Structures are given as structure tokens and as C-alpha cells.
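What follows is a set of notes on a single structure, which appears directly below.
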Amino acid sequence: ATTEATTEATTEATTEAVEKPSYQVKVVDEGGNPIKDVVVQVCSDTGCNPGKTDENGVATIIVSEYLDSYHANVTAMPEGYEYATGETEYYFENGATELTFTLKAVA
């Protein structure tokens, strides 16, 4: 009986710990094309977690917990680009875990 109880408890704990909270930040140009290798970060009041966009323009950043106060920004603007709007920080709103930045090319 002891072996059965131990196996059940271990399986339960392992299953719960698999999924970690994460946020996705997508970076595109004004034409909607993804921009690769942009360094972004997702921040809360207690610290920031960095990530880099892949070939799809998406950085997936794992965090310790889902919070309403997370915001994101670009930490290393790619050469030849700037924010398309005056905004430099974007907030995840209403429980969202994904957001998109649009950058514009500068002449």
C-alpha cells in the first residue's frame, strides 16, 4: 500500500510543475514583417526578464508568475529602427500574455 500512495503523489506533483508562465513579445516593422534578433524585456516591479526575437519576430519570456503589472520594452533597438509611436513601454492588459511592438525604419 505504501508504494501505491507514493507513486500517485509523485505523478501529481510532476504534472503540475510542467507549465511555466510565459509572455510573448512580437516585433514587426510597419509592413507587419517580423524583425529578428531584437532584445526585449518583460518587467514587473521586482525585476526584468530579457529575451531575443526569433525569425518570426517573437520572443517568449518565461516569468515566475502571471501578473497584471508586467510591461515590456525593447532594450537594444536594432540599427536603423525606432518605435513607430511615441510609446516606449507597452503593458500587458486584461490578462493578455502577448503583445506586438511596431518599429519603423529611420532614414
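Remember, it's a predicted structure, so these values are computed and weren't measured experimentally.
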With sequence neighbours excluded, what pairs up with E89 under the side chain to side chain contact (heavy atoms under 4.5 Å, CB included) test? H71, N73, Y91

Identify the heavy atoms of [X] and [Y] that sit nearest to each other, and give their distance.
{"X": "A84", "Y": "E30", "result": "CB-OE2, 4.3 Å"}
{"X": "G57", "Y": "P34", "result": "N-CB, 3.5 Å"}
{"X": "G31", "Y": "D29", "result": "N-OD1, 2.9 Å"}
{"X": "A72", "Y": "F92", "result": "CB-CE1, 4.1 Å"}
{"X": "P78", "Y": "V38", "result": "CG-CG2, 3.8 Å"}

Under a 4.0 Å N-O cut-off, is there an ion pair linking E98 with K26? no

Is [Y] reachable from [X] through a run of hydrophobic residues whose side-chain heavy atoms are each under 4.5 Å from the next?
{"X": "V27", "Y": "M77", "value": "yes"}
{"X": "V58", "Y": "Y81", "value": "no"}
{"X": "V28", "Y": "I35", "value": "no"}

Side-chain heavy atoms of V42 within contact of V25, under 4.5 Å: yes

Evaluate the side-chain proximity of Y83 to Y90: yes if any heavy-atom separation is below 4.5 Å, no if none is. yes

Measure the spacing between CG of L99 and CD of E93 and express it to the nearest 0.5 Å. 9.5 Å

Checking side-chain hydrogen bond (donor to acceptor under 3.5 Å, both in side chains) against Q24, which of T60, T97, T100 comes through? T60

Side chain to side chain donor-acceptor pair (under 3.5 Å) contacts in which one or both residues fall within residues 47-58, not counting sequence neighbours: none

Determine whether I61 and V40 satisfy the following criterion, side-chain contact (heavy atoms from CB on, under 4.5 Å), listing intermediate values before the conclusion. CA-CA 9 Å; I61 300 168; V40 297; 3.9 Å; yes

Mind checking whether Y66 and Y23 have parallel, tilted or perpendicular rings, split at 30° and 60°? perpendicular

